[in-house]
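As structure tokens, the structure follows; a few thoughts come after it.
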Amino acid sequence: MPAITKPSNHFNATLYTGTGTNAVGITGVGFQTDFNWTKSRSSSSYTHQLADSVRGFSKYLYSSATSIEGTDASNHIQSVNSDGYVINSGASFNASTVTYVSWNWKAGGTAVTNTSGTLTSQVSVNATAGFSVVTYTGTVSYPQTIGHGLGAVPQFIMVKNRSRIANWAVYHASVGNTKALYLNATDAAYADGGFWNNTSPTSTVFTGDNGVGYTTNGATDNYVAYCWTPIAGYSAFGSYTGNGSTDGPFVYTGFRPAFLIIKCSSSSGSGANQWMIVDNKRNTFNVENNTLKADLTDAEGVASLDVCDFLSNGFKIRNTNGRTNTSSETYVYAAYAEAPFKYASAR
């Protein structure tokens with residue numbers, strides 16, 4: 001039996017329509033969120049908003065931008081509860097008649113101090129689901145290690161310098177420790193020892209260096225890292241090679257996905273290599289073709305070609321575009337489950 005029989009206790013997406021009024025409750029999450037990623041679906045005027053319990057929900061970052069962390073208690077999440085959260089009247093979360101999606105992950109609630117690394121970190125950890133939210137302060141001395149609290153090796157880490165304009169640095173095990181992807185850009189994986197000091201994460205720490213614009217360490221800047229390790233039947237992080245056919249690759253995950261993000265790691269190109277996001281709430285039946293892009297503020301679009309099918313044990317690519325299936329290109333993905341294979345059925 002899988003360790004997680006009900007993935008929605010640890011990850012869930014919700015849909016809602018803004019009212020423009022204060023103190024609106026969003027329900028149906030199913031747990032008290034520790035990491036909330038919200039995007040307007042019907043408007044390109046509002047960017048992706050990333051907030052978490054460790055930094056505090058009045059603080060926000062944009063996945064599509066290099067901006068420093070902002071604070072705006074009147075325009076963001078007011079409070080969280082056991083089944084969702086309360087939003088204020090600001091447009092980023094609650095513009096009148098605008099539709100939204102929010103993706104939510106459960107960590108461990110109140111953060112604790114972690115001294116496993118050379119830098120002290122604050123961590124909120126859900127070891128069962130292999131997820132932690134980590135904050136730390138960099139230093140002018142480098143490289144440094146940062147404790148993540150998972151007790152297992154993370155395969156997917158998103159790091160943002162909160163204190164200065166800088167790219168998001170994304171570690172993906174399929175790309176390796178000599179390169180990083182930028183969550184806010186369409187670039188191919190960029191090679192530089194300044195990201196991870198060419199050092200893979202361990203079961204206790206990941207390594208931050210101070211190169212590439214202080215993306216992972218440096219200059220007493222403040223950082224946040226979202227860290228995931230794969231959990232059988234719940235999460236998977238890997239890669240596949242495109243074949244350029246509408247009969248695209250099948251990728252085995254061991255579960256029916258609820259959320260999938262895909263990025264071409266082998267080449268760059270504006271409009272062709274974006275971070276494509278699909279989920280089981282915006283498309284309740286196959287094909288999964290209502291797309292949002294982590295690196296853009298664009299409203300939700302219906303892909304001109306089908307993106308993929310969510311199957312009981314993985315996903316099947318159904319298009320020939322550069323975002324997910326150019327022949328011979330490499331694509332990385334992160335997937336989270338709706339149901340483990342034992343309990344799943346295709347839609």
Query raised in the report: Does the pair I157 and H172 meet the rule for a side-chain contact (heavy atoms from CB on, under 4.5 Å), with working shown?
Result: CA-CA 7 Å; I157 306 173; H172 196 290; over 6 Å; no

Report summary line: Residues pairing under salt bridge (Lys or Arg N to Asp or Glu O under 4.0 Å) where one sits in residues 75-102, two or more places apart or in two chains, turn out to be none

Query raised in the report: What salt bridge (Lys or Arg N to Asp or Glu O under 4.0 Å) pairs are there with at least one residue in residues 232-249, not counting sequence neighbours?
Result: D247-K316

Requested in this report: Verify, without hydrogens or angle tests, whether S43 (side chain) and S45 (backbone) share a donor-acceptor contact under 3.5 angstrom.
Outcome: yes

Report summary line: In this structure, CG of L260 is separated from CD1 of I277 (nearest 0.5 Å) by 9.5 Å

Query raised in the report: Out of curiosity, does V251 fall in the hydrophobic cluster containing V307 (side-chain heavy atoms, cut-off under 4.5 Å, transitive links)?
Result: yes

Query raised in the report: If you count the non-hydrogen atoms of other residues, nucleotides and ligands that lie under 6.0 Å from OH in Y190, is the total more than 12?
Result: no

Query raised in the report: Does the side chain of T21 come under 3.5 Å of the side chain of T19 through a donor N or O and an acceptor N or O?
Result: yes

Query raised in the report: Roughly how far apart are I262 CD1 and Y331 OH, rounded to 0.5 Å?
Result: 9.5 Å

Query - Partner residues of S124 under the side-chain hydrogen bond (donor to acceptor under 3.5 Å, both in side chains) criterion, sequence neighbours left out - result: none

Report task. For D52, check salt bridge (Lys or Arg N to Asp or Glu O under 4.0 Å) against everything at least two apart and list the hits. Result -> R55

Requested in this report: Can you label the angle between the F259 ring and the Y336 ring as parallel, tilted or perpendicular, going by 30° and 60°?
Outcome: tilted

Query raised in the report: Of all residues at least two apart in sequence or in a different chain, which pass the side-chain hydrogen bond (donor to acceptor under 3.5 Å, both in side chains) check with T241?
Result: none

Query raised in the report: ring pair (Phe, Tyr, Trp, His ring centres under 6.0 Å) with F315: which of F310, Y333, F250?
Result: Y333

Query - Evaluation steps, side-chain hydrogen bond (donor to acceptor under 3.5 Å, both in side chains), between Q144 and T118 - result: CA-CA 6 Å; Q144 299 286 340; T118 54; 2.6 Å; yes

Report task. Start with the C-alpha distance between T47 and S64, add both sets of side-chain angles, then the distance that settles side-chain hydrogen bond (donor to acceptor under 3.5 Å, both in side chains), and finish with yes or no. Result -> CA-CA 7 Å; T47 189; S64 56; 2.6 Å; yes

Query raised in the report: Roughly how far, to the nearest 0.5 Å, is the OG1 atom of T229 from the CD atom of Q155?
Result: 6.0 Å

Query raised in the report: Is the ring centre of Y60 less than 6.0 Å from the ring centre of H76?
Result: yes

Query - 4.5 Å side-chain heavy-atom contact, T14 and I26 - result: yes

Query raised in the report: Under 4.5 Å between side-chain heavy atoms, hopping through other hydrophobics if needed: is there a path connecting Y16 to I77?
Result: yes

Report task. Could you list the residues that satisfy salt bridge (Lys or Arg N to Asp or Glu O under 4.0 Å) with D221, not counting sequence neighbours? Result -> R164

**Report entry** Atom pair CD1/OH of I146 and Y136 - distance to nearest 0.5 Å
**Finding:** 4.5 Å

Report summary line: Residues pairing under side chain to side chain donor-acceptor pair (under 3.5 Å) where one sits in residues 204-220, two or more places apart or in two chains, turn out to be T202-T204

Query raised in the report: Excluding sequence neighbours, so at least two apart, what forms side-chain hydrogen bond (donor to acceptor under 3.5 Å, both in side chains) with T135?
Result: none

Query raised in the report: With a cut-off of 6.0 Å (strictly less than), are more than 12 heavy atoms of other residues, nucleotides or ligands near NZ of K179?
Result: no

Report task. Determine, stepwise, if the pair V175 / V332 fulfils side-chain contact (heavy atoms from CB on, under 4.5 Å). Result -> CA-CA 8 Å; V175 170; V332 297; 3.9 Å; yes

Query raised in the report: Would you say the side-chain atoms of D295 and Q274 include a donor-acceptor pair closer than 3.5 Å?
Result: no

**Report entry** Qualifying salt bridge (Lys or Arg N to Asp or Glu O under 4.0 Å) pairs with a residue from residues 123-152, counting only residues at least two apart or across chains
**Finding:** none

Report task. Taking atom CD1 of I165 as the centre, report whether more than 12 heavy atoms of other residues, nucleotides or ligands fall under 6.0 Å from it. Result -> no

Query - Residues which pass salt bridge (Lys or Arg N to Asp or Glu O under 4.0 Å) with E300, listed by chain and number, not counting sequence neighbours - result: R41, R282

Query raised in the report: Could you walk me through whether T17 and Y100 pass the side-chain contact (heavy atoms from CB on, under 4.5 Å) check?
Result: CA-CA 6 Å; T17 300; Y100 295 84; over 6 Å; no

Report task. Report the C-alpha distance between T324 and N319 in whole Å, list the side-chain angles of each, state the deciding distance to 0.1 Å, and finish with yes or no for side-chain hydrogen bond (donor to acceptor under 3.5 Å, both in side chains). Result -> CA-CA 7 Å; T324 55; N319 70 54; 2.7 Å; yes

Report task. For side-chain contact (heavy atoms from CB on, under 4.5 Å), just list the numbers for M158 and W168, CA-CA rounded to whole Å, side-chain angles, deciding distance to a tenth of an Å, and then say yes or no. Result -> CA-CA 7 Å; M158 304 191 310; W168 286 81; 4.3 Å; yes

Report task. Evaluate the criterion side-chain hydrogen bond (donor to acceptor under 3.5 Å, both in side chains) for residue pair S200 and N177; output intermediate values, then yes/no. Result -> CA-CA 5 Å; S200 296; N177 63 33; 2.8 Å; yes

Query raised in the report: Under the criterion side-chain contact (heavy atoms from CB on, under 4.5 Å), which of Y182, F156, Y226 is the partner of V170?
Result: F156

Query - Between T186 and N273: side-chain donor-acceptor atoms closer than 3.5 Å - result: no

Query raised in the report: Just checking, is any N or O donor in the side chain of K160 or N167 under 3.5 Å from an acceptor N or O on the other one?
Result: no

Query - Whether S40 side chain and S42 backbone form a donor-acceptor pair below 3.5 Å - result: no

Report task. Compute whether any side-chain donor of one residue and acceptor of the other, for N243 and N325, lie under 3.5 angstrom apart. Result -> yes

Query raised in the report: Is F11 reachable from W228 through a run of hydrophobic residues whose side-chain heavy atoms are each under 4.5 Å from the next?
Result: yes

Query raised in the report: Looking just at side-chain N and O atoms, do N222 and T137 make a donor-acceptor pair shorter than 3.5 Å?
Result: yes

Query - Connected via hydrophobic side-chain network under 4.5 Å: F237 and V134 - result: no

Report task. Indicate whether the side chain of S266 and that of E329 have a donor and an acceptor atom separated by less than 3.5 Å. Result -> yes

Report summary line: Distance col, row L50:CG vs L183:CG, nearest 0.5 angstrom, shows 7.5 Å

Query raised in the report: Are F31 and Y85 grouped together when hydrophobic residues (ILVMFWY) are joined by side-chain heavy atoms under 4.5 angstrom apart?
Result: yes

Requested in this report: To the nearest 0.5 angstrom, please state how far the CZ atom of R256 sits from the CD atom of E338.
Outcome: 3.5 Å

Query raised in the report: Would you say the side chains of T330 and S265 form a donor-acceptor pair under 3.5 Å?
Result: no

Report task. Scan residues 107-130 for pairs that pass ring-ring contact (aromatic ring centres under 6.0 Å, His included), counting only residues two or more places apart or in two chains. Result -> none

Query raised in the report: According to the side chain to side chain donor-acceptor pair (under 3.5 Å) rule, which pairs have a member within residues 103-112, sequence neighbours left out?
Result: T33-N104, N36-N104, S102-N104, W103-D279

Query - Side-chain touch M276/K263, heavy atoms, less than 4.5 angstrom - result: no

